[in-house]
Amino acid sequence: MGPIAVAIHGGCGTLARDLQGEAQWEETRQHLAASLRAAWAILRSGGRALDAVEAAVVVLEDSPHFNAGYGAALTEAGDHELDASIMDGATLAAGGVCAVRTLRNPVRAARAVMERSDCVLITGPAADEFGRRCGLDVVPNDHFTTARRVEALAALKARARRGTIVPASEAERHGTVGAVALDREGHLAAATSTGGFNNKPSGRVGDSPIVGAGTYARDGVCAVSGTGQGEIFMRRVAAYDVAARMRYGGASLDEATRAVVFEDLHSHGIGAGLVAVDAGGGIVAPYNTLGMARGWIGADAAVRVGTHAEMIEMGAA
Ligand code: ASP
């Protein structure tokens with residue numbers, strides 16, 4: 001029996017600490033811990049990494065604190081279009097959905113695409129319909145709306161009307177949730193889910209549902225889930241590039257992820273982060289922004305979460 005591990009992120013667009021009350025930060029940490037515990041319960045009882053990453057992402061999608069599912073960013077039209085994917089490192093099977101509007105947990109739809117269709121990616125109304133036919137929870141589009149996103153969209157539009165050239169902050173721009181895991185059988189899996197970014201054009205699709213860009217898993221190598229401007233992750237094939245650096249270049253998980261985040265992605269001037277786990281249960285969570293909601297449970301079975309520089313222990317798993 002090998003080691004087990006799980007790591008999650010809640011996006012690299014963390015607000016500055018003083019822009020939110022301590023009660024909100026504490027609730028954010030609690031939701032991160034709940035996500036980790038959901039995954040750990042599966043891994044500890046011998047369950048699959050694939051089930052663990054799905055369970056972890058569902059908890060984050062249902063939390064208003066992250067840009068995925070409930071609490072997702074709004075498009076320029078003022079509604080939600082959600083993207084998600086999941087990948088099984090054991091078989092390289094993968095599934096994704098883009099621009100879904102009515103499925104409460106897009107990651108479940110991604111899993112259904114992987115297991116119950118011959119496709120890897122299904123988009124738009126067809127993806128909503130596919131999820132509905134698979135028996136997934138259907139909600140009205142405004143189920144996903146929170147006051148924070150409505151305010152952020154209004155502020156961005158007001159700035160655009162005034163012609164203010166102040167660029168959007170990382171917190172206004174980014175968010176996404178993701179999970180990576182290693183199970184007792186040595187299988188790796190990754191999943192990612194997002195609302196994209198505030199004020200995104202309708203129909204825009206980012207890296208999160210794209211295998212190799214925002215999500216990648218391959219047994220014996222690593223599992224990766226990214227956050228940051230998806231266009232650059234796609235152009236860099238960032239998640240796959242981490243795996244390629246390890247597989248072909250002999251890099252360690254740490255070397256590979258640092259090169260991708262702090263050199264390649266950073267060279268485009270974007271905020272970026274990711275979580276990744278390797279075949280030995282090693283965990284990394286590099287980011288180049290002010291903070292990144294994140295957490296992990298590794299060999300010592302302690303739950304660790306953080307939103308800014310420091311990590312906080314939330315007790316045993
Ligand atoms: N990667 C996501 C996207 O481009 C957004 C983010 O993580 O900030 O859709």
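This one's a predicted model, so the numbers in the text were calculated from it and none came from an experiment.
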> According to a 4.5 Å side-chain heavy-atom criterion applied to Ile, Leu, Val, Met, Phe, Trp and Tyr, with indirect links allowed, do Tyr240 and Met87 form part of one hydrophobic cluster?
Replying inline: yes
>> Taking ring pair (Phe, Tyr, Trp, His ring centres under 6.0 Å) as the cut-off, I'd like each qualifying pair that reaches into residues 138-157, sequence neighbours left out, listed once.
In response: Tyr70-His143, His80-Phe144
> So do Asp264 and Asp241 actually touch side chain to side chain, heavy atoms under 4.5 Å?
Replying inline: yes
>> Are Leu74 and Val150 packed together at the side-chain level, in the sense that at least one heavy-atom pair is separated by less than 4.5 angstrom?
In response: yes
>> For Val260, run the side chain to side chain contact (heavy atoms under 4.5 Å, CB included) check against Arg236, Glu255, His266, Arg245 and tell me which one passes.
In response: Arg245
> Taking a hydrophobic cluster as the set of Ile, Leu, Val, Met, Phe, Trp and Tyr residues connected by side-chain heavy atoms closer than 4.5 Å, whether directly or through intermediates, do Val224 and Ile283 fall within one such cluster?
Replying inline: no
> Under 4.0 Å between a Lys/Arg side-chain N and an Asp/Glu carboxylate O for Arg29 and Glu313?
Replying inline: no
>> According to ring pair (Phe, Tyr, Trp, His ring centres under 6.0 Å), does anything in residues 298-317 pair up with another residue at least two apart or in another chain? List the pairs.
In response: Trp25-His308
>> Using 0.5 Å steps for rounding, measure from the OG atom of Ser35 to the CD1 atom of Ile8.
In response: 3.5 Å
> Do Ile312 and Leu60 share a hydrophobic cluster, counting only Ile, Leu, Val, Met, Phe, Trp and Tyr and linking them when any side-chain heavy atoms are less than 4.5 Å apart?
Replying inline: yes
> Can you get from Val284 to Val261 by hopping between Ile, Leu, Val, Met, Phe, Trp and Tyr side chains that sit under 4.5 Å apart?
Replying inline: yes
> Is Asp79 paired with Arg101 through a side-chain N to carboxylate O contact shorter than 4.0 Å?
Replying inline: yes
>> Under a 4.0 Å threshold between the charged nitrogen and the carboxylate oxygen, would Arg111 count as salt-bridged to Asp51?
In response: yes
> Is any NZ, NE, NH1 or NH2 atom of the basic residue among Arg48 and Asp88 found under 4.0 Å from an Asp or Glu carboxylate oxygen of the other?
Replying inline: yes
>> Assess whether a salt bridge exists between Asp128 and Arg132, defined as any Lys/Arg side-chain N lying under 4.0 Å from an Asp/Glu carboxylate O.
In response: no
> Can you name the one residue among Glu231, Glu76, Glu81 that meets side-chain hydrogen bond (donor to acceptor under 3.5 Å, both in side chains) with Arg204?
Replying inline: Glu231
> Are side-chain N/O atoms of Asp137 and Asn105 paired as donor and acceptor at under 3.5 Å?
Replying inline: no
> Does one side chain, of Ser85 or Thr192, offer a donor that lies under 3.5 Å from an acceptor on the other?
Replying inline: no
